[in-house]
Amino acid sequence: MIIIRRPTVDDVNSIFRLTNKMAEKGLMLSRSKYKIITMLNGFLVAEDSETKQVIGCGAFSLLWTDMGEVMALAVDDAYQKKGVGKMLVNALLDEGRRLNVPEVITLTYQVEFFKKLGFALADKDKFPRKMWRECLECPKLEQCDEIALHIFLNNEKS
Ligand SMILES: CC(C)(COP(=O)(O)OP(=O)(O)OC[C@H]1O[C@@H](n2cnc3c(N)ncnc32)[C@H](O)[C@@H]1OP(=O)(O)O)[C@@H](O)C(=O)NCCC(=O)NCCS
């Protein structure tokens with residue numbers, strides 16, 4: 001069974017390995033252990049309860065009072081297409097609901113995956129606050145080719 005839980009410091013290495021494996025494939029921004037430690041409170045991890053192995057992760061980050069972001073989403077190759085990514089994103093959106101944040105964005109290459117979860121295409125230029133954060137640390141910066149999507153939590157039907 002896969003469980004979604006908040007991480008402890010013991011999970012930093014697993015999150016580091018998972019996210020940087022995806023970064024090596026060019027699928028996301030590479031993050032240092034220091035960065036992951038500073039973001040740890042926003043992370044959720046997916047654990048295989050039989051092996052106790054962390055096989056997925058994702059983070060919710062607050063950009064401002066009206067906007068959050070889903071980021072650093074990664075599911076181990078062997079566990080993909082089994083609903084783990086969906087469980088993680090839904091749990092991260094619950095965090096947005098708990099905080100009463102109306103809009104959540106993501107920057108990604110996985111457009112169809114996020115559309116299936118209720119996200120819609122958005123104009124990246126409408127998110128200047130995102131630029132204050134991790135974009136400044138990204139080598140692509142002005143040449144960003146990730147696609148922006150967003151979801152309005154208070155407009156959901158479910
Ligand atoms: C994107 C990612 C997190 C998806 O995780 P996953 O556990 O495989 O996704 P799920 O099994 O929960 O998929 C949920 C739905 O999306 C679909 N889906 C998953 N990945 C998809 C993709 N790349 N393209 C189209 N549909 C996709 C699934 O088929 C499933 O559809 P269904 O509900 O109709 O069956 C995973 O592929 C991954 O880690 N990718 C590499 C890192 C990355 O790109 N992260 C995103 C950075 S923001």
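For ligands, and for the atoms within them, numbers begin at 1 and follow the listed sequence. For reference, positions follow the sequence shown, starting with 1.
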With a 6.0 Å cut-off (strictly less than), is the heavy-atom count around CG of Asn100, excluding the residue itself, greater than 12? no

Closest to atom 10 (P) of ligand 1 by heavy-atom distance, out of Gly83, Gly26, Gly58, is Gly83

Do any N or O atoms from the side chain of Thr8 and from the backbone of Asp10 form a donor-acceptor pair under 3.5 angstrom? yes

Is there a donor-acceptor contact under 3.5 Å from the side chain of Thr108 to the main chain of Val111? no

Determine if the distance from atom 35 (O) of ligand 1 to the closest protein heavy atom is below 4.0 Å. no

Min over Gln110, Lys21, Lys81 of heavy-atom distance to atom 20 (N) of ligand 1 lands on Lys81

For Leu27, the rest of its hydrophobic cluster, which grows through side-chain links under 4.5 angstrom: Met22, Met28

Within 4.0 Å of some non-hydrogen atom of Thr108, the atoms of ligand 1 are 46 (C), 47 (C), 48 (S)

Given Leu73, Val70, Leu117, which one has a non-hydrogen atom that is nearest to atom 43 (C) of ligand 1? Leu73

Quick one: which ligand 1 atoms are inside 4.0 Å of a heavy atom on Leu27? 41 (C), 44 (O)

Check ligand 1 against Lys86 and write out every atom of the ligand that is under 4.0 Å from a heavy-atom position of the residue. 12 (O)

Can you confirm whether some protein heavy atom lies under 4.0 Å from atom 41 (C) of ligand 1, or whether none does? yes

Any donor and acceptor pair, going by atom type alone, linking the side chain of Glu47 with main-chain N or O of Ile4 inside 3.5 Å? no

Is there a donor-acceptor pair closer than 3.5 Å between any side-chain N or O of Lys115 and the backbone N or O of Gln110? no

Given the rule that I, L, V, M, F, W and Y join up when any side-chain heavy atoms are under 4.5 Å apart, are Leu117 and Tyr109 in one cluster? no

Using modelled atom types only, decide if a donor and an acceptor are shared between the side chain of Ser61 and the backbone of Glu69 within a distance under 3.5 Å. no

Starting from atom 39 (O) of ligand 1, what is the nearest protein heavy atom, named by residue and atom, and what distance separates them? Val75 N, 2.8 Å

Within reach of ligand 1, part of Met22 (heavy-atom separation under 4.0 Å): side chain

Check: Val54 main-chain N/O paired with Ser14 side-chain donor or acceptor under 3.5 Å: no

Distance under 4.0 Å to a non-hydrogen atom of Lys116: what atoms of ligand 1 satisfy this? 15 (C), 16 (O), 17 (C), 31 (O), 32 (P), 34 (O)

Under the salt bridge (charged side-chain N to carboxylate O under 4.0 Å, His left out) criterion, do Asp11 and Arg6 qualify, and how do the steps go? CA-CA 9 Å; Asp11 300 309; Arg6 298 188 70 187; over 6 Å; no

By number and element, which atoms of ligand 1 are closer than 4.0 Å to a non-hydrogen atom of Lys82? 11 (O)

Within the structure, does Gly85 bring an N/O atom to less than 3.5 angstrom of an N/O atom in ligand 1? yes

For atom 37 (O) of ligand 1, which of Gln80, Glu69, Met71 has the closest heavy atom? Gln80

Subset of ligand 1 atoms that lie under 4.0 Å from at least one heavy atom of Ala74: 39 (O)

